[in-house]
Amino acid sequence: MSQALRNSPPLEDFWMPFTANRRFKAAPRLLAEAQGVWYRDVDGRPVLDGASGLWCVNAGHGRREIADAVAKQLMKMDYAPTFQMGHPLPFEAAHALKAILPDAMDGVFFTNSGSESADTSLKIALAYHVARGDPERNILVGRERGYHGVNFGGISVGGIAHNRAKFGPLLPNVDHLRHTHDPAQNAFSKGQPEHGGVEMADDLLRLFEIHGADRIAAVIVEPMAGSTGVLVPPKGYLERLRELCSEHGILLIFDEVITGFGRTGAAFAAQRYGVTPDIMGLAKGLTNGAIPMGAVAVTADVRNAIIEAADPLAVELMHGYTYSGHPAACVAAIATIDIYRNEGLFERAAELAPYWQDAVHSLRGHPHIVDIRNDGLVAGIELAPRAEGPGKRGYDVYVDCFARGLLCRVTGDTLALAPPLIIEKSEIDLIVDTVGKAIAAAA
Ligand code: PLP
């Protein structure tokens with residue numbers, strides 16, 4: 001263990017999230033500084049950020065515009081409530097966000113995280129049908145392998161078994177579509193896979209048979225599943241889901257917590273794939289990861305149905321967080337959106353995408369690699385599991401990448417790569433070279 005690690009504070013007091021605490025604390029990986037696309041660990045060793053932190057630092061680290069805006073705001077007015085009171089900043093932030101959202105999005109509700117955005121989306125969907133006099137429409141449909149954060153709504157509609165297993169019965173009235181991963185037909189797809197999109201979306205017809213389409217309130221999906229290992233939607237899939245939902249009065253929710261803010265080469269995946277949902281959940285890139293913040297955007301139809309059905313003197317939606325529209329988060333969001341626009345970062349992601357695609361697919365042919373998937377500036381590299389069990393090889397490669405100076409993500413045996421949108425081609429080459437060496441070195 002290095003001197004810096006020996007000098008670090010005691011590690012036992014912080015119960016780390018989504019971490020094997022004992023394993024981590026026996027061999028910690030601690031980051032200390034960040035600038036551009038580079039971290040430094042506590043020993044001063046450079047680590048290339050191939051994961052935008054945790055899919056959130058899309059404009060790169062150390063953005064002075066955001067830091068200055070936050071510092072200034074905290075001294076001007078650190079906090080003000082937004083329940084039956086207000087201050088100008090959330091209105092300004094909502095307006096700035098609306099300018100980059102799909103045109104149909106008309107209202108913005110602020111949260112503090114992706115998990116809160118997921119649960120808020122579900123509550124808005126249920127409240128919409130109640131407001132329209134259809135309270136029996138209360139079944140929520142998620143998807144296998146879906147990730148919608150860790151709150152009870154999100155894990156109920158989420159489709160990752162480990163995340164649900166130990167938390168009781170969860171929400172009633174939930175069902176799941178099949179996932180969209182079909183390596184037999186679509187392995188090594190570049191961009192959107194060709195095969196099976198419409199048939200996969202038609203799985204919703206099966207749920208219509210079981211529950212009745214008129215009982216389903218909403219379908220929630222990540223347009224491109226990120227946390228479960230980068231599953232790009234096959235061609236026609238989102239279009240068909242949209243068609244079925246519209247035909248049957250079902251709200252379509254896109255959880256764009258990862259896909260938002262340029263990741264797929266457009267501001268949002270809704271624009272990238274040309275399919276507009278009724279409700280969108282956002283977080284992460286909204287503030288470039290600098291301050292916690294999430295948002296839920298809704299169409300005029302959704303917002304008006306809920307607001308106009310209520311008594312004008314009554315609270316329309318019994319929902320909100322102490323920090324909904326926090327002043328520091330609002331100025332961080334406004335500064336971040338300015339950076340995206342002024343530097344053309346979404347366009348930059350789209351321009352770099354073909355280079356990124358060629359670079360990650362150059363790893364094809366390695367015996368451990370069973371699939372490579374990509375879109376925009378995101379890629380998943382799936383490794384064959386070792387005989388001793390799933391996830392072992394993936395974890396070892398992930399740790400070895402860090403030892404070689406690269407931060408990536410791992411889910412099971414899939415490495416996920418999602419660098420800041422400011423990455424240079426030479427740094428893309430370095431990411432791919434490092435991943436290739438770590439995979440080659442892995443047993
Ligand atoms: N939804 C999606 C699609 C996500 O990828 C994530 C986090 O990765 C979340 C929700 C949860 O976000 P948070 O960790 O900010 O609660």
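It should be emphasised that the depicted structure is a prediction, and the values quoted were computed from it without experimental measurement. Read the numbers this way: they start at 1 and go in the same order the structure lists the ligands and their atoms.
- Judged purely by distance below 3.5 Å, without hydrogens or angles, the side chains of T259 and R272 never pair a donor atom with an acceptor atom.
- At least one N/O-N/O distance between D255 and ligand 1 falls below 3.5 Å.
- Using cut-offs of 30° and 60° on the angle between ring planes, the pair Y321 and H319 is perpendicular.
- The backbone N or O of G153 sits less than 3.5 Å from a side-chain atom of D119, completing a donor-acceptor pair.
- On a distance-only criterion, S115 and ligand 1 share at least one N/O pair closer than 3.5 Å.
- Close contacts between ligand 1 and E222 involve ligand atoms 3 (C) [criterion: under 4.0 Å to a heavy atom].
- By the 4.0 Å heavy-atom criterion, G226 is excluded from the residues contacting ligand 1.
- Under 3.5 Å, the side chains of S117 and T111 contain a donor-acceptor pair of N or O atoms.
- Distance from atom 6 (C) of ligand 1 to its nearest protein heavy atom, with residue and atom name: Y147 CE2, 3.4 Å.
- When each atom of ligand 1 is checked for a heavy atom of I258 under 4.0 Å away, the hits are 5 (O).
- Atom 10 (C) of ligand 1 has G149 N, 3.5 Å as its closest protein atom, hydrogens excluded (heavy atom only).
- The shortest N or O to N or O distance between K284 and ligand 1 is below 3.5 Å.
- Between C56 atom SG and I258 atom CD1 the span is 9.5 Å, to the nearest 0.5 Å.
- Ring geometry, F152 versus F167: the interplanar angle exceeds 60°, so the pair is classed perpendicular (tilted spans 30 to 60°).
- Within ligand 1, counting atoms from 1 as listed, the ones closer than 4.0 Å to a heavy atom of S113 are 15 (O), 16 (O).
- Below 30°, between 30° and 60°, or above 60°: for H326 and Y79 the angle between ring planes is between 30° and 60°, a tilted geometry.
- Under a 4.0 Å criterion applied to the non-hydrogen atoms of S227, ligand 1 contributes the atoms 5 (O), 8 (O).
- Nearest protein neighbour of atom 13 (P) of ligand 1, counting heavy atoms only, is G114 N, 3.5 Å.
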